[in-house]
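This is a predicted model, so every value here is computed, not measured.
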Amino acid sequence: MKTTLGTLLWRTALAAALVCGIGLLPWLTRTDPALTVLKARAADRDATPEVLAAVRDRLGLDDGPLHLLGRWLGGLAHGDAGRSWLSGEPVAPGVLPALGASLLLMAVALAVAVATAALVCARTLRRGARGRRPVRRGTGTASAMLAALPEFLLASVLATVVGVQLGWLPALGWYGPRWTVLPALALGLPAGAVLGRLLDDLLPGAFAEPWAAAAVARGIPAGRIARHAVRRCLPGLLPNLALFTVGLTGGAVAVEQLFDIPGLGRTTLRAALAQDLPVLQAGTLLLLLLAAGAAAAARLAARLLTGPALRDGALPTLHRPAAPPRRAAHRALVLGGLLLAVVLLGLPRDPLALDTAARLRPPGAPHPLGTDALGRDLLARVAHGALHTLLLALAITAVTLVTGVLLGLLPRLSGPLADTVNAVPPVLAALLTTALWGSGGAAPALAVAAVAWAPLAVHTSALLRQERAALHLAATRGLGASRTHVLRRHLLPAVLPPVARHALLRLPGIALALASLGFLGLGAQPPSPEWGLLLAENQPYAERAPWAVLAPAAVLALLGALAVTAAQGIRPPRPRRPPRPRPAPTAEPRTGTDARRQAPPRESAGAVGRKG
């Protein structure tokens with residue numbers, strides 16, 4: 001009871017701190033809120049002192065941020081979320097329909113993600129349910145490429161090809177169930193690829209347990225065995241599934257904008273850019289409540305699926321030492337060689353050289369990857385952007401891995417904190433980071449690192465919870481092992497490899513997030529050859545010159561395939577075998593009289609029988 005109350009208070013304090021920070025956003029950025037509101041309402045109107053004073057008086061800005069925040073919080077108790085600074089309309093009637101649209105899109109995207117995850121691990125399920133050793137050859141590469149595709153690029157391709165050229169589904173608007181298919185595919189396919197890789201990482205350990213071999217020997221149908229294996233692995237995945245749920249709601253800003261969906265992510269982004277505080281605070285509060293509800297549902301489902309085994313310490317470990325997949329090293333060398341070749345071939349070229357006569361040229365001898373809308377060589381821009389993007393993404397991945405593992409060891413502290421951080425859309429996190437630390441070169445890295453550790457911390461906590469209930473740990477603790485010994489010799493060796501593989505799986509997403517912030521004006525600016533900027537700049541020409549978009553997208557997919565292939569080589573260490581006892585030294589054989597003198601007297605069979 002005390003633990004639950006403490007967690008609730010900690011979660012409430014975090015939510016209050018975030019809402020208060022958003023309420024102070026205009027003053028933290030040292031910009032005049034009246035000027036921002038005036039530009040959003042009427043960009044062509046002169047910002048004279050009299051006009052700005054009238055805006056401040058009408059909105060009550062002269063009373064200070066604390067007074068505005070207290071007034072907004074007081075109105076929440078009566079169901080009043082305030083009025084928009086831009087339109088003057090009540091906030092609640094506009095935000096609640098946006099939440100409904102996002103929830104519908106989230107539900108369909110989750111269905112797509114579950115189906116994609118099932119396809120990713122179908123081969124492992126099929127082989128394991130039939131009693132064969134699960135192997136992974138091409139599934140990791142394909143799912144990594146799919147997970148590395150940016151959502152807005154996938155949405156653009158689906159809208160152009162399926163919606164416009166083929167005309168199978170509507171590509172714009174939000175008028176019914178048919179309008180949810182394309183955006184749900186754009187959101188669900190990458191998320192399902194990540195979830196499928198995480199599930200495929202746990203399934204071999206589940207099929208190696210004694211119950212699976214016994215079920216195969218008794219002739220139980222393979223489908224039933226596969227369902228039980230998935231159920232055995234779900235408690236370690238449900239917390240990450242809850243994070244995906246909130247991310248599909250608040251983080252689908254680009255997809256909602258591209259398909260013109262009036263969702264909560266787009267509403268929150270527009271309010272953040274225009275500094276419409278009542279709308280921004282209401283949208284953030286709804287995302288926080290959704291995050292808390294999803295986390296509570298995930299914890300309850302995990303307890304119901306695990307049952308009393310978690311409490312009684314009766315679970316075998318899912319993380320067993322295993323050899324790396326066959327030919328994984330060869331694939332990693334090939335993929336790394338291709339990526340290195342692209343970088344080395346493009347570095348001698350000038351990424352800023354303009355040639356207006358060669359605009360949007362297709363790939364050829366002078367330009368192997370083609371040119372962009374300004375005639376710049378795409379190979380040069382991709383290669384020069386790789387140096388900054390890859391090195392910074394690798395550094396952030398290492399920092400988030402260490403942070404996620406350390407905070408994952410303290411689930412009572414990190415659980416509510418991860419839920420709160422995950423509820424913040426990445427763009428809003430970038431705005432808050434820029435407001436606190438400025439818009440220098442470190443702002444994008446700080447913004448991405450501030451939110452990228454949450455899935456790793458949740459994954460660490462979930463795996464530790466299951467690993468602490470393993471049978472061998474109960475025996476180790478019964479023999480008097482200390483907590484430090486159990487953590488260093490048993491828990492961390494079992495948990496670190498899957499979390500490291502998870503971190504490498506998210507490396508392409510971190511690289512894309514860094515570059516996409518520059519497109520929003522919060523990081524690197526044109527003409528910087530950032531990969532995300534390349535995608536954003538060339539997206540309007542995707543139908544006329546698809547190579548301009550496919551070149552950076554292919555490099556991102558190649559990076560994702562390389563990251564996952566390299567991650568497959570990270571395996572739990574094999575347990576140390578105890579040293580074999582040395583045989584006791586035998587005495588030299590004695591012969592003759594000495595041997596008969598030293599030998600014990602033999603008893604006859606009759607004497608033995610009489611003793612019995």
Side-chain angles (χ1 to χ4, degrees), residues 1-15 17-18 198 201-202 232-247 288 290-315 317-319 399-424 449-470 473-474 477 482-503 506:
M1 183 65 182
K2 292 182 179 180
T3 303
T4 305
L5 181 59
T7 303
L8 181 61
L9 292 176
W10 173 229
R11 191 182 297 274
T12 304
L14 288 173
L18 180 60
L198 296 179
D201 194 37
L202 295 175
R232 174 69 179 88
C233 301
L234 273 183
L237 291 179
L238 284 173
N240 271 284
L241 185 60
L243 294 183
F244 274 110
T245 301
V246 182
L288 291 175
L290 179 63
R299 287 193 298 269
L300 179 61
R303 290 186 179 182
L304 293 177
L305 287 173
T306 308
L310 186 64
R311 181 194 64 215
D312 299 335
L315 285 177
T317 179
L318 285 176
H319 307 286
V399 171
T400 54
L401 175 60
V402 174
T403 306
V405 170
L406 292 179
L407 289 177
L409 297 176
L410 305 171
R412 296 180 183 177
L413 172 68
S414 63
L417 184 59
D419 297 337
T420 304
V421 169
N422 185 70
V424 180
V451 298
W453 63 267
L456 303 179
V458 170
H459 195 191
T460 302
S461 299
L463 294 181
L464 280 176
R465 191 181 304 113
Q466 285 198 94
E467 197 67 24
R468 285 194 177 102
L473 285 185
R477 286 190 293 263
S482 63
R483 292 184 177 180
T484 304
H485 175 84
V486 171
L487 178 65
R488 185 165 52 91
R489 292 300 183 94
H490 296 278
L491 293 179
L492 288 181
V495 170
L496 279 180
V499 177
R501 291 193 290 271
H502 186 185
R506 292 184 175 273

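- Contact record, W453 with V421: CZ2-CG2, 3.8 Å, taken as the closest heavy-atom pair.
- In terms of heavy-atom proximity, P497 sits nearest to L492 at CD-O, 4.1 Å.
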Going through the distances and angles, do L464 and T460 end up as a side-chain contact (heavy atoms from CB on, under 4.5 Å)?
-> CA-CA 6 Å; L464 280 176; T460 302; 4.0 Å; yes

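- Here the side chain of S414 pairs no donor or acceptor atom with the backbone of A457 at under 3.5 angstrom.
- Every residue meeting the side chain to side chain contact (heavy atoms under 4.5 Å, CB included) condition with L234, not counting sequence neighbours, appears here in chain and number order: V230, L305.
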Test side-chain contact (heavy atoms from CB on, under 4.5 Å) on V405 and L496 and set out the steps.
-> CA-CA 8 Å; V405 170; L496 279 180; 3.8 Å; yes

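- With a 4.5 Å cut-off on side-chain heavy atoms, L409 and L487 count as touching.
- A donor-acceptor distance shorter than 3.5 angstrom exists from the side chain of W10 to the backbone of L413, with no hydrogens or angles considered.
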Report the C-alpha separation of H459 and L198 in whole Å, then their side-chain angles, then the decisive distance to 0.1 Å, and conclude whether the side-chain contact (heavy atoms from CB on, under 4.5 Å) test is met.
-> CA-CA 10 Å; H459 195 191; L198 296 179; 4.0 Å; yes

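- Listed by chain and residue number, L110, L195, L238 satisfy the side chain to side chain contact (heavy atoms under 4.5 Å, CB included) test with L241 (two or more places apart in sequence, or in another chain).
- Side-chain contact between L456 and L407 is absent, with no heavy-atom pair separated by less than 4.5 Å.
- The CG atom of L401 sits 12.5 Å away from atom CZ of R506, with the distance rounded to the nearest 0.5 Å.
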